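As the structure is a computational prediction, the values presented were derived from the model and not from experiment.
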Amino acid sequence: MSKKLNISTSLEVYENLQELASEDFLLMEHAVKARSRAYAPYSEFAVGCAILLENNEIVTGNNQENAAYPSGLCAERVALFYAGSQYPGVPVKKMVLTAGPMSSDFFKPVPPCGACRQVISEYEKRQENGIEIYFMGTGGKVVRASSMESLLPLSFDKNYL
Ligand code: THU
């Protein structure tokens, strides 16, 4: 007889940016600035990411597209790989995201794509401490996940290798 396995997750929803704690609001301002520098001429969908490290450094990134579409990279991975290369071994505390079309407002919170979740999950497991994720559209509601595990349960990791 098979058994049912239920997986549940819990997210926090803030009505708007102003509800965030000042540190998180500030971090989102960095993400907004980073988003304005995205290179996304093909999708015209710009994404900005700001990362707060344990040493209080802030690293930002944005999506970098390419005429050979799959060669481009998402904002989260641009930022996270930069953080990993510049500050090896320094844990990531938080990641903050803003995303939406370049030419209009977008008030639906945009969660990180599957590939970015997998990459963030690797960093989270490596540091053995949760990474908080905040995501929004270009404004409006902000969603908070207390760790990547809550956005990507049952993730593949080195223990399966
Ligand atoms: N994108 C990101 O930067 N992060 C995500 O999590 C989702 C998608 C980018 C990739 C591409 O440049 C554009 O958004 C449209 O998919």
Minimum heavy-atom separation for [X] and [Y], please, with both atom names.
X: Ala145; Y: Ser150; answer: CB-OG, 3.7 Å
X: Glu65; Y: Pro41; answer: OE1-N, 3.6 Å
X: Lys33; Y: Ser36; answer: O-OG, 2.6 Å
X: Ala99; Y: Val47; answer: CB-CG2, 3.8 Å

Straight-line distance of [X] [atom1] to [Y] [atom2], nearest 0.5 Å:
X: Phe107; Y: Asn16; atom1: CZ; atom2: CG; value: 11.0 Å
X: Ser155; Y: Glu122; atom1: OG; atom2: CD; value: 9.5 Å
X: Ile120; Y: Cys49; atom1: CD1; atom2: SG; value: 7.0 Å
X: Leu52; Y: Glu57; atom1: CG; atom2: CD; value: 9.5 Å
X: Ser146; Y: Ile131; atom1: OG; atom2: CD1; value: 12.0 Å
X: Leu97; Y: Met28; atom1: CG; atom2: CE; value: 7.0 Å

Check whether any side-chain heavy atom of [X] sits under 4.5 Å from a side-chain heavy atom of [Y], and report yes or no.
X: Asn62; Y: Arg35; value: no
X: Val32; Y: Glu29; value: no
X: Pro112; Y: Arg77; value: no
X: Thr60; Y: Ile51; value: no
X: Leu80; Y: Val119; value: yes
X: Tyr87; Y: Val59; value: yes
X: Tyr134; Y: Thr98; value: no
X: Met136; Y: Leu17; value: yes

Distance-only donor-acceptor check, side chains [X] and [Y], under 3.5 Å:
X: Glu132; Y: Ser147; answer: no
X: Asn66; Y: Gln64; answer: no
X: Tyr39; Y: Asn63; answer: no
X: Glu12; Y: Tyr14; answer: yes

Whether the side chain of [X] engages the backbone of [Y] through a donor-acceptor N/O pair (distance < 3.5 Å, no angle test) should be reported.
X: Glu76; Y: Cys116; value: no
X: Glu54; Y: Val92; value: no
X: Arg144; Y: Val13; value: no
X: Glu124; Y: Glu149; value: yes

Are [Y] and [X] connected in a single hydrophobic cluster, I mean Ile/Leu/Val/Met/Phe/Trp/Tyr linked by side-chain heavy atoms less than 4.5 Å apart?
X: Met95; Y: Ile58; answer: no
X: Leu73; Y: Val110; answer: no
X: Phe135; Y: Met102; answer: no
X: Tyr82; Y: Leu27; answer: no
X: Leu53; Y: Leu26; answer: no

- prompt: Does Lys94 pair with Glu23 as a salt bridge, N-O distance under 4.0 Å?
  reply: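 Yes, charged N to carboxylate O under 4.0 Å.
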message: Strictly below 4.0 Å, N to O, side chains only: are Lys141 and Glu15 in salt-bridge contact?
response: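 Salt bridge flag = yes for Glu15 with Lys141.
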- request: Take atom CD of Glu128 as the centre, draw a 6.0 Å sphere, and report whether it contains more than 12 heavy atoms from other residues, nucleotides or ligands.
  value: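 Counting other residues, nucleotides and ligands, CD of Glu128 stays at 12 neighbours or fewer.
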task: Look at atom CZ of Phe106 and say whether more than 12 heavy atoms of other residues, nucleotides or ligands are closer to it than 6.0 Å.
output: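 More than 12 heavy atoms, drawn from other residues, nucleotides or ligands, come within 6.0 Å of this atom.
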- request: Would you please test Val96 and Phe25 for side chain to side chain contact (heavy atoms under 4.5 Å, CB included) and show each step?
  value: CA-CA 9 Å; Val96 165; Phe25 180 86; over 6 Å; no
task: Examine Arg126 relative to Tyr123 and say whether NZ or CZ is less than 6.0 Å from the centre of the six-membered ring and inside a 45° cone about the ring axis.
output: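 Because its charged atom sits under 6.0 Å from the ring centre and within 45° of the axis, Arg126 does stack over Tyr123.
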